[in-house]
There are 2 protein chains.
Amino acid sequence: MGASKTEHFSDKQNQIAAMAKAIGHPARVAIIEYLLSVDTCICGDIVNVLPLAQPTVSQHLKELKNAGIIKGSIEGTAICYCLNPDALSVLEAFFAHITININTKKTNCC
Amino acid sequence: MGASKTEHFSDKQNQIAAMAKAIGHPARVAIIEYLLSVDTCICGDIVNVLPLAQPTVSQHLKELKNAGIIKGSIEGTAICYCLNPDALSVLEAFFAHITININTKKTNCC
DNA sequence: TTTATTTATCGTAATATTGCAATATTGTAA
DNA sequence: TTACAATATTGCAATATTACGATAAATAAA
């Protein structure tokens with residue numbers, strides 16, 4: 001079919017999955033790392049940093065924005081993009097929870 | 001085209017993206033949460049826990065295994081699956097790094 | 001050996017993703 | 001107004017993902 005059966009899973013599971021999916025592309029990881037590296041969030045030069053055409057970068061930015069990973073606002077002729085701390089802290093908490101609890105398991109047969 | 005231009009990005013970016021992509025499906029988030037919740041890693045009942053057919057679950061487990069998120073070993077007639085702490089700690093470190101550095105930025109215009 | 005049981009693989013249909021050329025939109029400057 | 005710059009959208013081709021029925025493979029039990 002191709003469409004995920006999201007209705008069978010919890011809101012939390014769908015939220016984590018949607019955000020992880022958005023990060024699941026090297027170009028989007030690179031965008032996140034670039035947004036983290038620049039001190040301001042006026043980011044009109046993302047296109048020049050990535051090895052992809054402008055429409056492709058625009059599409060990746062759109063997906064990150066749809067997933068809530070980044071926020072964007074119009075800044076004259078340029079667009080101001082920056083990371084969304086709220087979304088990223090949700091993911092941080094998810095993985096922190098896993099790594100904390102993974103070591104409390106009694107048996108590790110694998 | 002449909003194929004990611006992985007060759008244009010760093011190994012680290014591709015690794016993070018591949019693991020995030022593997023977690024980017026609610027069924028696979030549910031699998032991870034289930035593996036974390038059970039105390040042992042003999043997990044022959046994952047199929048019963050998920051609202052998906054057996055071949056579909058098997059396919060999701062395969063993708064998680066390919067991404068290194070889980071490990072599996074044959075345990076007689078059942079299969080023993082468990083989380084891979086190494087892979088998950090890489091993701092934990094990635095998001096911890098982001099959330100730590102996100103607040104050191106001078107300007108937050110968005 | 002025969003029969004279950006458990007998990008994996010194959011085949012296939014429906015849908016989604018990726019990437020870019022072409023084009024549109026929006027704001028700035030002349 | 002016209003021209004330019006920056007970003008978004010459209011449309012399309014190539015490929016990947018999702019899901020599951022049917023089937024295979026492997027072990028356990030009878």
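Convention: sequence-line order gives letters A, B, ...; per-chain numbering from 1. The structure presented is a predicted model; accordingly, all values stated were derived computationally and were not measured.
- The NE2-P distance, from His25(B) to dA16(D), rounds to 18 Å in whole Å.
- In this model, the phosphate group of dT6(C) is not approached by any side-chain N or O of Tyr81(B) to a distance below 4.0 Å at OP1 or OP2.
- At least one side-chain heavy atom of Asn101(A) sits under 4.5 Å from a side-chain heavy atom of Leu36(B).
- Here the C1' atom of nucleotide dC20(D) and the CG atom of Leu50(B) are 15 Å apart, to the nearest Å.
- Regarding Asn66(A), its CG atom lies at a distance of 14 Å from the P atom of dA16(C), rounded to whole Å.
- Under the 4.5 Å side-chain criterion, counting only non-hydrogen atoms from C-beta, Glu92(B) is not in contact with Phe94(A).
- Per the geometry, CZ belonging to Arg28(B) stands 9 Å off P belonging to dT17(D), to the nearest Å.
- Between the Asn84(A) side chain and the Gly68(A) main chain, a donor and an acceptor come within less than 3.5 Å of each other.
- Aromatic ring orientation, Phe95(A) versus Phe95(B): parallel (interplanar angle below 30°, classes split at 30° and 60°).
- For the segment residues 52-65 of chain B, the set of residues with a heavy atom within less than 4.0 Å of an atom of DNA chain C comprises Gln54(B), Pro55(B), Ser58(B), Lys62(B), in numerical order.
- Put simply, the residue from Ile31(A), Leu50(A), Ile46(A) that forms a side-chain contact (heavy atoms from CB on, under 4.5 Å) with His60(A) is Ile31(A).
- Other residues, nucleotides and ligands place no more than 12 heavy atoms under 6.0 Å from the NE2 atom of His97(A).
- Rounded to a whole Å, the NZ atom of Lys21(A) is 14 Å from the P atom of dT15(C).
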